[in-house]
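Given the structure is predicted, the values throughout are model-derived calculations rather than measurements. Remember, it's 1-based here, ligands and their atoms both numbered in the order they're listed.
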Amino acid sequence: MSKVLIANRGEISLRIARACRELGIGTLAVYSEADEQSLHVQLADEAICIGPPSSAESYLRGDRIMSAAEIADVDAIHPGYGFLSENADFAEQCEACNILFIGPRSETIRKMGDKALARETVSKAGVPIIPGSDGPVENEKEALRVAKKIGFPVIIKAVSGGGGRGMRIAHNAVSFTKEFLTAKMEAEKAFGDGTMYVEKYLENPRHIEFQILADKHGKILHLGERDCSVQRRHQKVVEEAPSVVLDDDLRAKMGEAAVKVAKACDYVGAGTVEFLFDENRNFYFLEMNTRLQVEHPVTEYITGVDLVEQQIRIARGEAIAFTQNDLKIKGHAMELRVYAEDPLEDFMPSTGTLEKYQIPQGEGIRMDNGFEEGMEVPIYYDPMLAKLVTYGKTREEAIEVMIKAIDNYIVEGVSTTLAFGKFVFQHDAFRSGDFDTHFVKKYYSPDALKEETEQEARLAALLALKQYLNDKEQLRLPSN
Ligand code: MV4
């Protein structure tokens, strides 16, 4: 493998380019007209413009990306996350053109992309799934029959959904049909596919996902879990590894289940098996993500494994060079996704110029960042600025490093979610580990954030005053 096309932008594009460089592999960046000045274009060895700013006309255009791959004569394409990363047709085109797709085979992506088929596959492999319909339901009548059988509340999901879109909860038979038809209509509009299935609704689950790696020689390993329970409207906010709720025994059991899932779909590469985890410590398969995830750095911190390097080695046919037993979880890592959004204005995207942009650095801090001072935050894409990742020997230490790092992260010109992140890390429920997927809804409000920020400002003013008075004393300045 001598040249890789990176079919992405932002921080993940930089992350992949660095891994390629370390392995002595050349890189080709692709970019939209809005990204001409961006860091991912500057860092790559070569770059090709693939279209106008909108994703639909650039980063989502498999045909244009394939043309760039042919022109520059690359050996492989790394899709990153989002965009074409879970597009089975694109992976299939790569296969047909003899370009390595750095990810699983197209059949695997297709199978796991159909959420009902994924459930069936996983269940056959002996991994627990949430009680629900056997495959998709024909219509609202059949769906209601299933709902009555498994008992309310139930959740209605789209077979082509995932990540929370096209989902509806029904609490009783009276509201069921309306919710079902609304969800179906939304799914038709969003995915062009209104095929639905039904599951028992778990009320207060935690979201725990396992990282797996599988090579082309049949070896499959898991790299422990990430707890991604803190999210806001299906958008992850904070991720950590390991989870406070698992012990070694349960970690081994869930890890084994994740490996079974990977085996059941002939997985190759890096993947993630998502589970819901309930109050009775039961776990259930939710979905499999057939890509590198945004939050992969927390796993890298606690295992010492470079996941992008492993993806590349696996794609070029190497066997994984370590065993399950070699993998030891050490310390604790936290990730905060920093978005250009205003937490006081319902997380409205905030675009503009980064008038000031100073990122924190130091022991136990990793910044996966895509921006520099003076750059514009474009309106066309996901507003994530960076991932702030911290490490400590203990969870408490990782949190302390995180809070200091947030304080040393200076952004002016656009609003960010940094203060919201600090709110999470300072919250008793988060610190005690007693939280679930409803954390943000339960505890966050703009007023709570304002209150905390004001309290901190008062404290800072008091400290400054005290310092001033001390200094005055020591300097023996005349007091008038
Ligand atoms: C669920 C659920 C409760 N019960 N399924 C949301 C995203 C999509 N991947 C699946 N999701 C859920 N499915 C059953 N049977 C609750 C959620 C859910 C959730 C899951 C993980 C992380 C955050 C979440 C927030 C709200 C709902």
Short version for Ile130: what comes under 4.0 Å of ligand 1, heavy atoms counted, is side chain
Side chains of Ile77 and Cys94: closer than 4.5 Å at any heavy-atom pair?
yes
Salt-bridge criterion met for Asp266 and Lys111 (N-O under 4.0 Å):
no
Can you tell me if Glu95 uses its side chain to pair, donor with acceptor, with the backbone of Ser106 under 3.5 Å?
yes
So, does Thr351 use its side chain to make a donor-acceptor pair with the main chain of Pro378 at under 3.5 Å?
no
What's the separation between atom CD1 in Ile156 and atom CD in Glu199, rounded to the nearest 0.5 Å?
11.5 Å
Among all protein heavy atoms, pick out the one at the shortest distance from [atom]; state its residue, atom name and that distance to 0.1 Å.
atom: atom 19 (C) of ligand 1; value: Thr437 CG2, 4.3 Å
atom: atom 7 (C) of ligand 1; value: Gly164 N, 3.5 Å
atom: atom 4 (N) of ligand 1; value: Leu202 N, 2.9 Å
atom: atom 20 (C) of ligand 1; value: Leu276 CD2, 3.9 Å

Closest heavy-atom approach to atom 22 (C) of ligand 1 among His207, Lys441, Arg206, Glu287 is made by His207
Could you name the option among Glu209, His234, His438, Gln231 that has the heavy atom nearest to atom 6 (C) of ligand 1?
His234
Report, in ascending order of atom number, the atoms of ligand 1 lying under 4.0 Å from any heavy atom of [X].
X: Glu199; result: 5 (N), 14 (C), 15 (N)
X: Lys200; result: 4 (N), 14 (C), 15 (N)
X: Met167; result: 6 (C), 8 (C), 10 (C), 11 (N)

With salt bridge (Lys or Arg N to Asp or Glu O under 4.0 Å) as the test, would you mind laying out the steps for Arg366 and Glu300 before giving the verdict?
CA-CA 11 Å; Arg366 166 175 167 178; Glu300 296 187 322; 2.7 Å; yes
If you draw a 6.0 Å radius around NZ in Lys141, do more than 12 non-hydrogen atoms from other residues or ligands fall strictly inside?
no
Counting only heavy atoms on the protein side, is anything nearer than 4.0 Å to atom 10 (C) of ligand 1?
yes
So, Phe283 versus Phe277, ring centres under 6.0 angstrom or not?
no
Give a yes/no on ligand 1: does Lys157 have at least one heavy atom closer than 4.0 angstrom to it?
yes
